[in-house]
Number of protein chains: 2
Amino acid sequence: MRNIVITFGIICLCSLVLFQMAKVAIIKDTLPVEVLVGVFSLLFLVIGILYSRRQHVIVQHVPSDHENTTLLAPPSVVIETKPADKTLIEQMGISKREHDVLCEAALGLSNAEIAQKLFISESTVKTHISNLLVKLNARRRTEAVKIAKELNII
Amino acid sequence: MRNIVITFGIICLCSLVLFQMAKVAIIKDTLPVEVLVGVFSLLFLVIGILYSRRQHVIVQHVPSDHENTTLLAPPSVVIETKPADKTLIEQMGISKREHDVLCEAALGLSNAEIAQKLFISESTVKTHISNLLVKLNARRRTEAVKIAKELNII
DNA sequence: TTTTTGTTCATACTAAAGTATGAATTTACT
DNA sequence: AGTAAATTCATACTTTAGTATGAACAAAAA
């Protein structure tokens with residue numbers, strides 16, 4: 001929670017600085033208002049996306065009712081949830097994040113690619129994979145994927 | 001993919017309208033530039049968060065797209081997709097031995113294990129795998145297996 | 001007969017994958 | 001407030017995987 005406050009504080013500070021710089025530019029008539037607004041809109045769009053991705057884990061735990069309220073999110077897509085055997089996943093002691101990594105690995109992605117996609121470091125992916133191999137009693141990711149598909153958990 | 005485009009289109013449209021409204025307000029000196037930028041920044045911050053949230057939902061569910069349909073339509077679907085498409089294998093330029101290696105790799109075996117099983121050296125297995133990656137347009141054996149299964153050649 | 005193709009193998013290399021360990025932070029739960 | 005589980009990350013290390021290259025050999029095709 002503190003981190004979020006700190007992050008926002010930094011963002012606000014940076015924005016203020018940028019804003020003052022931009023204002024000077026406007027006075028000099030070298031920068032139209034449209035460009036200024038556009039730049040800031042884009043900036044905050046990116047900030048919003050990045051921020052949301054961090055919060056992603058929390059969002060995930062909230063069921064379908066939350067997703068329906070999101071902007072332009074068609075309910076039909078959301079309703080089609082994973083058919084994976086969640087009971088079995090729990091029994092195997094596979095955590096949510098590990099399962100995420102497993103799904104991506106099943107798509108044939110490398111650790112680096114999975115890391116980029118899930119916004120975590122490659123070493124974290126390695127940790128997850130390593131744990132998955134133990135839990136699925138596999139020795140390679142290919143075997144892990146095969147077993148996971150046989151168990152219908154992906 | 002269409003949804004994303006549509007969403008962005010709508011967002012851009014709304015932004016344009018809002019922007020024109022805001023511009024009028026500026027001319028009338030009823031709205032300072034600071035407020036304008038602030039409003040837009042906030043607006044896009046929210047848009048970014050919502051957009052990102054929705055993206056995650058979609059991304060999360062896409063991987064299990066195939067299993068989705070196979071589950072809803074009982075096991076019979078899975079059973080009938082057994083025989084490998086030999087015509088396609090030929091078309092892809094995949095030789096018999098390469099196919100053998102591919103099948104073993106799909107079982108999650110290592111190169112050394114495949115070599116032992118097929119009574120060839122590990123370097124031969126590597127050669128076959130390397131050729132397979134080119135022919136299947138894959139970058140890893142995991143991806144090769146995934147593609148091969150999608151093409152129904154294993 | 002020459003050429004092509006498939007199969008085999010080796011060597012040397014680079015790039016990933018996976019292991020082991022320790023640690024900071026978060027989240028959920030008591 | 002404290003604790004256990006989960007998530008994240010790093011570093012150092014070992015093991016596989018994959019690439020590039022060259023080559024030998026047999027069988028089919030030209």
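All chains are named by letter (A, B, ...) in the order of the sequence lines, taking the proteins before the strands, and each is independently numbered beginning at 1.
At whole-Å resolution of the value, CD1 in Ile89(B) and C1' in dG6(C) are 16 Å apart. As a whole-Å value, the separation of Lys96(B) NZ from dT8(C) C1' is 14 Å. When rounded to the nearest whole Å, the span between CG of Asn131(B) and C1' of dG22(D) equals 14 Å.
Looking at heavy-atom distances under 4.0 Å, Ser121(B) makes contact with sugar-phosphate atoms alone, never a base. Residue-level contact check: Ser123(A) touches the bases, meaning some heavy atom is under 4.0 Å from a base atom.
Using a 4.0 Å cut-off, some side-chain N or O of Thr124(A) falls inside it from OP1 or OP2 of dC9(D).
Side chain of Ser130(A), nearest nucleotide from dC9(C), dT16(D), dG18(C): dG18(C). For Ile129(A), counting side-chain heavy atoms from C-beta on, the closest listed nucleotide (dG18(C), dT7(D), dA17(D)) is dG18(C). Closest to the Lys126(A) side chain, of the nucleotides dA17(C), dA6(D), dT11(D), is dA17(C). The side chain of Leu133(A) lies closest to dG18(C), out of dG18(C), dT7(D), dA10(D). Which of dT7(D), dA10(D), dA10(C) sits closest to the side chain of His128(A) comes down to dT7(D).
The salt bridge (Lys or Arg N to Asp or Glu O under 4.0 Å) with Glu104(A) is formed by just one residue from the set Arg97(A), Lys117(A), Arg141(A); it is Lys117(A).
Taking every heavy atom of residues 135-144 of chain A and every atom of DNA chain C, pairs under 4.0 Å involve Arg140(A), Arg141(A), by number.
No hydrogens or angles considered: nothing links the side chains of Thr124(A) and Thr127(A) as a donor-acceptor pair under 3.5 Å.
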